[in-house]
Amino acid sequence: MNIIFQIEGGLGKSIMATAIVIAIKTRYKNANLIVVTGYTDVFLNNPHIHETYDINQTNGLYLKYIKNQNCKIFASEPYKTSDFITNKPVSLLKTWCELFGLRYNNEQPQLYLSQPEIDYFSPYYSTDKPIMVIQPNGGPPGLSQQYSWTRDIPIITVKEIIDHYKQDYTIIHIKREDQIVYPDTLHALDGYRSIAILLQKSSKRLLIDSFSQHMARALNLKSTVCWVDTKPEIFGYKLHNNIKSNPYTKDIPLHHVSYTPFSLVEEIKSIPYNNLNEVFDTNKIISSINTQ
């Protein structure tokens with residue numbers, strides 16, 4: 001049997017999907033699993049995968065794996081389920097499995113890094129101090145703003161944390177080219193597989209609901225993850241210390257035309273706080289980081 005598993009969305013979702021791969025192969029042990037994704041490198045060296053296709057380059061897929069063959073297509077979108085839209089505190093991984101008639105047994109994301117990759121990238125992250133990794137902002141290139149309050153950490157909070165740790169740690173910032181550059185930090189290499197090696201070499205990690213927190217879980221690296229509008233019960237992992245934002249301090253009109261009250265990319269004018277220093281308790285974040 002051939003099973004074609006198609007993954008829509010960003011890098012973090014493809015990393016999450018490596019857990020679904022395990023669930024599929026647990027149920028269909030002898031199936032050829034073909035993954036269609038925008039991030040084929042996430043599945044490099046994955047022993048459960050027969051072949052990967054770039055989602056924009058699927059030429060030949062039908063003739064090779066579908067026509068006149070025993071084939072299942074797993075392409076349903078978990079973001080369009082009732083549990084997700086109504087914001088039920090159910091792990092997206094469980095929702096995703098149920099879409100395909102799979103039992104979710106707490107499968108977790110997995111990445112497979114090769115020794116040549118580790119040997120090549122590790123010297124780039126050699127420092128004279130322990131490494132602290134931060135990813136305070138998320139989103140793909142080309143967004144209209146640097147800061148989206150629904151999942152990013154406010155600049156004032158990030159600066160306080162950097163000031164607290166800069167003497168004792170080399171702070172390496174995972175960022176897009178168009179995002180803010182913080183003093184006393186270094187910029188992580190752009191390739192996300194090299195960032196996986198950076199995370200492995202780090203002693204402390206401050207992340208948000210973006211690809212790095214999924215990557216840290218795939219590498220079994222306990223991290224501090226900050227959450228604003230998205231929920232750790234849905235997108236997060238019990239391994240991490242998940243820090244939720246403080247309650248909103250003002251009411252705002254919910255004028256969105258989509259199914260959810262807010263999107264991952266929101267302008268500052270819609271923020272439901274009077275001041276940016278109300279979003280997180282910085283001391284709580286620092287206490288969490290210190291436990292790593």
Side-chain angles (χ1 to χ4, degrees), residues 1 3-37 39 42-50 52 72-113 135 138 151 192-193 195-196 199-200 202 205-227 230-244 288 291-292:
M1 178 191 293
I3 296 178
I4 298 173
F5 175 31
Q6 179 164 312
I7 306 152
E8 308 280 348
L11 174 56
K13 193 175 175 192
S14 278
I15 296 172
M16 285 191 85
T18 61
I20 307 300
V21 163
I22 301 169
I24 294 172
K25 289 296 287 185
T26 299
R27 170 76 181 276
Y28 301 97
K29 293 181 173 59
N30 297 318
N32 295 319
L33 180 54
I34 299 93
V35 172
V36 180
T37 172
Y39 298 90
V42 167
F43 300 90
L44 275 178
N45 309 316
N46 192 312
H48 305 295
I49 305 300
H50 181 73
T52 57
K72 286 183 177 290
I73 309 295
F74 290 167
S76 300
E77 176 54 67
Y79 288 173
K80 295 181 180 179
T81 61
S82 294
D83 281 354
F84 182 81
I85 291 172
T86 58
N87 218 17
K88 288 187 178 179
V90 178
S91 169
L92 187 71
L93 293 174
K94 185 175 187 294
T95 301
W96 215 342
C97 281
E98 290 175 349
L99 272 178
F100 303 149
L102 304 171
R103 182 187 298 275
Y104 179 59
N105 291 309
N106 199 38
E107 288 86 356
Q108 300 294 309
Q110 292 184 344
L111 291 177
Y112 296 86
L113 301 171
Q135 188 190 14
R151 69 169 171 178
Y192 51 85
R193 290 184 72 86
I195 289 174
L199 290 173
Q200 284 188 324
S202 64
R205 293 160 294 277
L206 172 63
L207 312 173
I208 60 166
D209 179 23
S210 190
F211 80 90
S212 59
Q213 71 107 1
H214 300 291
M215 186 173 282
R217 181 60 190 92
L219 300 170
N220 201 33
L221 297 170
K222 181 181 177 67
S223 306
T224 296
V225 183
C226 292
W227 302 80
T230 57
K231 291 179 170 52
E233 295 86 358
I234 299 173
F235 294 102
Y237 307 95
K238 293 181 180 179
L239 172 70
H240 297 326
N241 191 0
N242 296 298
I243 306 294
K244 293 184 179 182
S288 171
T291 65
Q292 294 177 27

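Note that this is a predicted model, so its numbers are computed, not measured.
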Side chains of Thr224 and Gln292 only: does a donor on one sit below 3.5 Å from an acceptor on the other? yes
Quick one, Gln110 with Asn46, criterion side chain to side chain contact (heavy atoms under 4.5 Å, CB included). Give me CA distance, side-chain angles, the key distance, then yes/no. CA-CA 8 Å; Gln110 292 184 344; Asn46 192 312; 5.6 Å; no
Restricting to non-hydrogen atoms, name the atom on Ile22 and the atom on Gln108 that form the minimum distance, rounded to 0.1 Å. CD1-O, 3.6 Å
Over 60° means perpendicular and under 30° means parallel, so tell me whether Phe74 and Tyr28 are parallel, tilted or perpendicular. tilted
To the nearest 0.5 Å, tell me how far Phe5 CZ sits from Ser76 OG. 10.5 Å
Taking the side chain as every heavy atom from C-beta outward, state whether Lys13 and Tyr79 have any pair of such atoms under 4.5 Å apart. yes
How close do Phe43 and Ala17 get, counting heavy atoms only, and between which atoms? CZ-CB, 4.4 Å
Any side-chain donor near an acceptor of the partner, Thr95 and Asp83, under 3.5 Å: no
With respect to Ile49, which candidate in Leu44, Asn32, Val35 satisfies the side-chain contact (heavy atoms from CB on, under 4.5 Å) definition? Val35
In short, Ala19 meets Pro109 closest at the heavy-atom pair CB-N, 3.6 Å
Point-to-point distance, once rounded to the nearest 0.5 Å, from OG of Ser212 to CG of Leu199: 6.5 Å
Run Ile20 and Phe100 through side chain to side chain contact (heavy atoms under 4.5 Å, CB included) and show every step you take. CA-CA 10 Å; Ile20 307 300; Phe100 303 149; 4.2 Å; yes
Using the rule given for side chain to side chain contact (heavy atoms under 4.5 Å, CB included), can you reason through Gln213 versus Trp227, listing the C-alpha separation, both sets of side-chain angles and the distance that settles it, and then say yes or no? CA-CA 11 Å; Gln213 71 107 1; Trp227 302 80; 3.6 Å; yes
Could you check whether Glu107 pairs with Lys25 (Lys NZ or Arg NE/NH1/NH2 to Asp/Glu carboxylate O, under 4.0 Å)? no
Does Lys231 reach the side chain of Pro89, with side-chain heavy atoms less than 4.5 Å apart? no
With side chains defined as the heavy atoms from C-beta onward, is the minimum distance between His214 and Tyr237 less than 4.5 Å? yes
In this structure, SG of Cys226 is separated from CG of Asp209 (nearest 0.5 Å) by 11.0 Å
How many angstroms lie between NZ in Lys94 and CD1 in Ile234, if you round to the nearest 0.5 Å? 13.0 Å
Interatomic distance, CZ@Arg193 vs CG@Leu113, rounded to 0.5 Å, equals 5.5 Å
Straight-line distance of Tyr39 OH to Ile7 CD1, nearest 0.5 Å: 11.5 Å
